[in-house]
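First the structure, in the form of structure tokens, and then the observations on it.
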Amino acid sequence: MNPPPDGTAPPIVLTRRRINLIFSALLAGMLVAALDQTIVSTSMPTIVGELGGVSHMAWVTTAYLLATTLVMPVYGKFGDLWGRRTLFLVAIGLFTVASVGAALAPDFTWFVVWRGVQGLGGGGLMILSQAIIADIVPARERARYMGPIGALFGLSAVAGPLVGGFFTDTAALGWEWCFWINVPVGVGAFLIGWFALSLPRRRSTTPLDVAGIVALSATTTSLVLFTDLGGSDGWTDPWTLALAAAFVVCAVVFVLVERRAVEPIVPLTLFRNPTFVVATAMGMAVGLGMFSAIAFMPTFLQMSSGLSAANSGLLMLPMTAGIILTIQSSAAVILRTGRYKRFTVAGVAVILATMVWMTTLTGGTSLWVIGAMFFALGCGLGLIMQNVVLAAQNAVPATQIGTATSTNNYFREVGATLGVAVFGTLFTSRLAENLTGALTANAPQAAAAGITSPDTLVPSAVEAAGDPLRTAIVDAYADSLAPVFWYLVPILAVALLLSFLLREIPLAEHAGMVARGEAVESEEELATLLRSGAQAAVPAPEPTLHGPRDDDQLRV
């Protein structure tokens, strides 16, 4: 088969078989990242206890989320410029190597460092997977792929805590195997991607926006560190104020740099699109409120309920059921009707109501009630997590799919990072104070049980301590966690308001690669194209954004 007369490579034919092969590679990559998150969650109390970092527990999650957030815009823009296949394989490789480092970490500091490196790979896996799906599947049909993706995350939510709990509770293995298991999974995902991920490569002579990348990284880092230190050392502490000033300066520099950049890492023109702005702001608000709550619930369950890591993982089952139920049912309706806004509104409303409910948690709350809370959280998450990205992708030209996807996810992860930092700081600072009081009030029993410091406290020691020390520690965890949920309620209320403001644009009929002229939908179209020697059989690429325009002209 000869290429077109202009010397360019012939377009790829997006047959159903090719789409399914590419999608299988994406699922393998997403499984690596999703499984790691849930495996670690139930093992976290033991990990930080053994490595001596209970009072700095929030840094484990913050490091991963911060690294993920920093690289998202880079993966999105580079994918738009050069293609996404090589970047996807690099992300898998980074994640796998960092897993080895985390398993071999000699102390808490190195463990946090390697979790950050894992985030550098994990951010690419999530962004590139979403962008590639938009490349190969039209927006309206994208809904049918939400079911398998939801099932994947549901599987990870079930298998991860169970496997992580099993490793942690098995003396012959230990928590290190929560990371060793990523190695064969990562290698398998890499091989699947190498052979199945057939995507076009692009050439670009546009100079890289290095200054923009540096400025954005500095802005994000200073913001996260500001919230972290503000919660622990006080908002008027000199270092906290210095970081606040650094954030303002870096943000201003970033905007100035992006206005002058030839190919900005985050085009400011995106923010002239009201639909994209609302979808992105809503994702940020939900990320701030939702994921900060999920991050610390397994710790609460293990300490307050006296469950092992494996058994606390079983309580994630209701959340998994909620995710699968709502993501599959909403996908079926979107595929049939093309309407998605109603699900974003319902999802935020469910999450908000559940967050209020979770403020009633105590050490004596029954496991049935906690399971019902998890189910409600899963229902809300399943209704919103894919639809916000769909709305953002559908609001921009096909040439900006990767950038729009990464920017939307970037602000959601900024929200999640800030939420975990602020929520975690509030929780751990209250926890350190409450635990110190509990140990001091029961000093003889604590000494006999070998519990000498809150930083080295592990669930097994709490369970073996006996009353009244055990009850005092459980109450300390409950009194530290539950009231903090009230801080998330106003944020989710803002997200609910934004969901009503979201404008619903008709879903696009062509996949991104087809709209850009890189693919056709059948062999017949390709044969016609090659015979004519022209691009007439392929829909013309849509224009990039240069200013305000009607949303209907911005469909992918």
Side-chain angles (χ1 to χ4, degrees), residues 17-41 43 64-65 67-68 71-72 74-76 78-79 82-104 114-137 145-164 167 176-201 320 385-386 389 402 405-406 409 413:
R17 179 177 181 274
R18 182 186 292 271
I19 291 174
N20 289 338
L21 282 174
I22 293 174
F23 189 62
S24 68
L26 301 182
L27 286 178
M30 284 188 286
L31 176 63
V32 174
L35 192 62
D36 175 78
Q37 289 277 57
T38 54
I39 281 180
V40 173
S41 63
S43 306
Y64 185 92
L65 287 175
T68 299
V71 297
M72 279 183 173
V74 177
Y75 281 113
F78 285 8
W82 300 322
R84 312 190 207 282
R85 180 180 184 272
T86 300
L87 291 173
F88 190 81
L89 296 175
V90 168
I92 294 177
L94 264 178
F95 193 92
T96 305
V97 170
S99 297
V100 176
L104 297 175
W114 283 114
R115 283 295 286 166
V117 179
Q118 276 190 309
L120 299 180
L125 292 175
M126 302 310 296
I127 289 300
L128 294 170
S129 296
Q130 293 176 2
I132 291 170
I133 291 173
D135 278 342
I136 64 175
V137 180
Y145 292 87
M146 293 180 185
I149 293 174
L152 170 69
F153 279 91
L155 173 65
S156 300
V158 175
L162 291 176
V163 174
F167 289 151
E176 292 86 354
W177 275 89
C178 295
F179 298 95
W180 286 123
I181 196 175
N182 288 337
V183 177
V185 176
V187 171
F190 185 92
L191 293 175
I192 294 174
W194 181 271
F195 291 106
L197 203 60
S198 55
L199 296 170
R201 296 180 180 178
T320 301
M385 66 180 184
Q386 296 295 330
V389 177
T405 303
S406 63
N409 279 270
E413 291 299 325

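Start at 1 with the first residue, then count along the sequence.
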Those residues that, when tested against A67, pass side chain to side chain contact (heavy atoms under 4.5 Å, CB included) (two or more places apart):
L120
Name the orientation class of the two ring planes belonging to W194 and F190 (parallel below 30°, tilted from 30 to 60°, perpendicular beyond 60°).
parallel
Where does the angle between the aromatic ring planes of Y64 and F95 fall among parallel (under 30°), tilted (30 to 60°) and perpendicular (over 60°)?
perpendicular
L21 backbone acceptor or donor facing S24 side chain under 3.5 Å:
yes
For A102 against F179, the heavy-atom pair lying closest together:
CB-CD2, 3.6 Å
Any idea which heavy atoms bring V187 and T96 closest together, and the distance?
N-OG1, 4.5 Å
Say you draw a straight line from [atom1] of [X] to [atom2] of [Y]; how long is it, rounded to the nearest 0.5 Å?
{"X": "I136", "Y": "L26", "atom1": "CD1", "atom2": "CG", "result": "6.0 Å"}
{"X": "Q118", "Y": "L125", "atom1": "CD", "atom2": "CG", "result": "11.0 Å"}
{"X": "I127", "Y": "M72", "atom1": "CD1", "atom2": "CE", "result": "4.5 Å"}
{"X": "L191", "Y": "L89", "atom1": "CG", "atom2": "CG", "result": "9.5 Å"}
{"X": "Q130", "Y": "I132", "atom1": "CD", "atom2": "CD1", "result": "11.0 Å"}
{"X": "I133", "Y": "Q386", "atom1": "CD1", "atom2": "CD", "result": "7.5 Å"}

Sequence-distant partners of T68, side-chain hydrogen bond (donor to acceptor under 3.5 Å, both in side chains), two or more places apart
none
Give every residue pair that meets the side chain to side chain donor-acceptor pair (under 3.5 Å) criterion with at least one member in residues 180-193, sequence neighbours excluded.
D36-N182, S99-N182
When you compare the side chain of V137 with that of F23, does any pair of heavy atoms fall below 4.5 Å?
no
